[in-house]
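Every chain is numbered from 1, with letters handed out A, B, ... down the list of sequences. These values consider heavy atoms only, across backbone and side chains, with no hydrogens, waters or symmetry-generated copies.
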There are 2 protein chains.
Amino acid sequence: MMVMDLAQYQLGTSLQVPRGAHLFRTQDEVCGDLHFVRSGHLKLYQPCGDGVNRIIDFVRPGDWMGIDTIGEQQRHASALALTDCLIDVVQYRQLAELMDEEPYSCDLFSAMLSREIDRQQLAAAILRSAGACQRIVMFLLQRAGPAPQAPSPEMHSPLPMSRQDISDYLGLTPATVSRTLSALKRNGWISLGQRGFVVLSRSALEQVAAGAPANIIQHAA
Amino acid sequence: MMVMDLAQYQLGTSLQVPRGAHLFRTQDEVCGDLHFVRSGHLKLYQPCGDGVNRIIDFVRPGDWMGIDTIGEQQRHASALALTDCLIDVVQYRQLAELMDEEPYSCDLFSAMLSREIDRQQLAAAILRSAGACQRIVMFLLQRAGPAPQAPSPEMHSPLPMSRQDISDYLGLTPATVSRTLSALKRNGWISLGQRGFVVLSRSALEQVAAGAPANIIQHAA
DNA sequence: CGGGCCCTTGATATGAGTCAAGGGTGGTGG
DNA sequence: CCACCACCCTTGACTCATATCAAGGGCCCG
């Protein structure tokens, strides 16, 4: 069978990180390792002076971390566990050796980095062009994943991060995020808990994400 | 001597692209090649419905293009020459072979992709947090390059793209870009031509970029 | 049961967008 | 070589979305 993901090579060692703990911090020096998330959620952020944190990304099971600092001397971000996490720690040297032996793994690795560049370009494009409502709906759809098969209902999707984190990530304020989520709920398009949500009308959300006029959203009566 | 950049391996073939011509388009299928810019400037953009173009990036001499679509079937963007360009076309297969023979080149390539991810993350962070004036000043400083040695004056930096392109890239409107540039000029911080500019007070610009209150900018008298 | 923190919601302020008009520049054709 | 034309850049007045400031409520944890 074809190896589809570098994670299947069983490199590296396992590591548990409890909720609220740091996997690494900006000031850490060692950078020879990559991290693969087996389970749990983390946030990548840059503490930038004051108490203000710039959220770089949210990391989910199956994602890699640290591929932005290969060959660098210092981390560019801190990684904080939003839930209990199970992490694989992989030395870049190990990967390099693997790529040396098996050219195909080199292609896998290049493609992975390439996809990450594309993801970041897409994120930047969204930040450039989309308004608040559109950003939030895109964020929700991304977290909800692809549509389930016809008869099955939409699943509950976790939102392990705070509203503050969401707003930082989307370039908005907590107030705007809260307002918009409330409006989406009022319209019956999502159901909303403190740390999760359920898509109720995927088609409506997809229309907003596609750029449909968001005037649909009204202030609370 | 140490090889510092993949471009020094003299792979690939040369190609001239005149101003206004496309190097490739979104709909092109072939994706086995990368492009290295020897001279000239290009813009990467996505034609997204209507006449609206999303600017992905501006590409300068020494930059690589196409590293966001390694292993993909289709281009994610179109590349248009803003000036006459000299391009090296490099097959990814060639690079892969090189990496197979010389492990060090593999590290170079990984590091290059890694840096690109970091660049995109930084760009996204700027779009999330910075206001119009801050974005424009950061853009100018980035294009002006690092400060020259003490006695030498600031160099003239080219702006080969239209105001429309700049505004798309920064997530603003042409009107706002024009207004802000005019204000910077009025303050004596830059001198401004149609297709270029000169930094007159780097310290002032750096303060704004660092987040200094941008109220310094007033409406035209 | 109590307290702190985060989330929600309202009223108001403001920065950037929109609409629109005038002027400069570069390119084309006579 | 000059004149014309189209396109883009600049600038102004106004609008609107989102930030800001502020208060109340609910949830989780101790």
Side-chain angles (χ1 to χ4, degrees), chain A residues 18-20 43 51-53 55 82-83 127-137 159-186 190-197 208 211-221, chain B residues 18-20 43 51-53 55 82-83 126-137 139 159-186 190-197 208 211-221:
Chain A
R19 181 162 83 98
K43 68 173 176 183
V52 183
N53 287 334
I55 300 288
L82 296 167
T83 68
L127 289 170
R128 281 188 257 262
S129 62
C133 180
Q134 210 176 332
R135 288 184 203 184
I136 289 170
V137 168
L159 281 181
M161 70 295 287
S162 70
R163 297 286 189 273
Q164 175 79 57
D165 287 338
I166 297 175
S167 62
D168 283 352
Y169 181 64
L170 297 175
L172 303 167
T173 58
T176 301
V177 171
S178 188
R179 259 188 265 277
T180 308
L181 286 176
S182 297
L184 292 172
K185 182 173 157 190
R186 213 167 25 246
I190 63 172
S191 113
L192 191 60
Q194 281 294 68
R195 283 292 184 268
F197 70 100
V208 174
N215 309 329
I216 307 167
I217 308 254
Q218 310 289 340
H219 258 226
Chain B
R19 182 162 83 98
K43 67 173 176 183
V52 183
N53 286 334
I55 300 288
L82 296 168
T83 67
I126 289 171
L127 290 171
R128 281 188 258 263
S129 62
C133 179
Q134 211 176 332
R135 287 183 202 185
I136 289 170
V137 168
F139 176 73
L159 281 180
M161 71 295 287
S162 70
R163 297 285 190 272
Q164 176 80 56
D165 287 338
I166 297 175
S167 61
D168 283 352
Y169 180 64
L170 297 176
L172 303 167
T173 57
T176 300
V177 170
S178 188
R179 260 188 266 277
T180 307
L181 286 176
S182 296
L184 292 172
K185 182 172 156 191
R186 214 168 22 249
I190 61 171
S191 116
L192 189 61
Q194 281 294 68
R195 283 292 186 267
F197 70 100
V208 174
N215 309 330
I216 306 167
I217 307 257
Q218 310 289 340
H219 259 226

Rounded to the Å, how far apart are B/Met161 CE and D/dC9 P? 11 Å
Minimum-distance pair of heavy atoms, taken over all atoms of A/Ile190 and A/Leu181: CD1-O, 4.1 Å
Picking from D/dC9, C/dG17, D/dT20, which would you name as closest to the side chain of B/Thr173? C/dG17
Looking only at heavy atoms, what is the nearest atom pair of A/Gln194 and A/Arg163, with distance? O-NH1, 3.7 Å
Any side-chain N or O of B/Thr176 less than 4.0 Å from the OP1 or OP2 oxygen of C/dG17? yes
Once you round it to whole Å, what is the distance between C1' of C/dC5 and CD of A/Gln164? 12 Å
Using a 4.0 Å heavy-atom cut-off, does B/Ser178 contact any base of the nucleic acid, only the sugar-phosphate backbone, or nothing at all? base
From C-beta outward on A/Arg19, which listed nucleotide comes closest to its side chain: D/dA19, D/dC29, C/dC7? D/dC29
Please work out if A/Leu181 contacts a base, only the sugar-phosphate, or nothing of the nucleic acid, heavy-atom cut-off 4.0 Å. nothing
Rounded distance in Å - CG (B/Leu82) to P (D/dC8): 13 Å
Using whole Å, report how far CG of A/Leu127 lies from C1' of D/dT18. 15 Å
Would you say B/Arg128 and A/Asp168 make side-chain contact, with heavy atoms under 4.5 Å? no
When we call it a touch if two heavy atoms are under 4.0 Å apart, what does B/Ser182 touch: a base, just sugar-phosphate, or nothing? sugar-phosphate
Nearest-angstrom distance from the residue atom CD of B/Gln134 to P of C/dA16: 10 Å
Could you pull out the closest heavy-atom pair between A/Thr173 and A/Ser167, with the gap in Å? C-CB, 3.3 Å
Between A/Gln164 and A/Pro174 the two heavy atoms that sit nearest each other are OE1-CG, 3.7 Å
What's the NZ-P distance between B/Lys185 and D/dT10, to the nearest Å? 8 Å
Just call it for B/Gly193: base, sugar-phosphate, or nothing, with non-hydrogen atoms closer than 4.0 Å on any strand. nothing
Starting at atom CG of A/Leu184, determine the distance to atom C1' of C/dC7, rounded to an integer number of angstrom. 16 Å
Please tell me which of the listed nucleotides, C/dT9, D/dT18, C/dT8, lies nearest to the side chain of A/Leu172? D/dT18
Under 4.0 angstrom between A/Arg179 side-chain N/O and D/dT18 OP1 or OP2: no
Which listed nucleotide (C/dT25, D/dA19, C/dC7) is nearest to the side chain of B/Gln194? C/dT25
Would you mind telling me which of D/dT20, D/dC9, C/dA16 lies closest to the side-chain atoms of A/Ala175? D/dT20
Start at the 5' end of DNA chain C and walk down; is the nucleotide closest to A/Pro174 or to B/Ala132 reached first? A/Pro174
Tell me: CZ of B/Arg135 to P of C/dG17, nearest whole Å? 8 Å
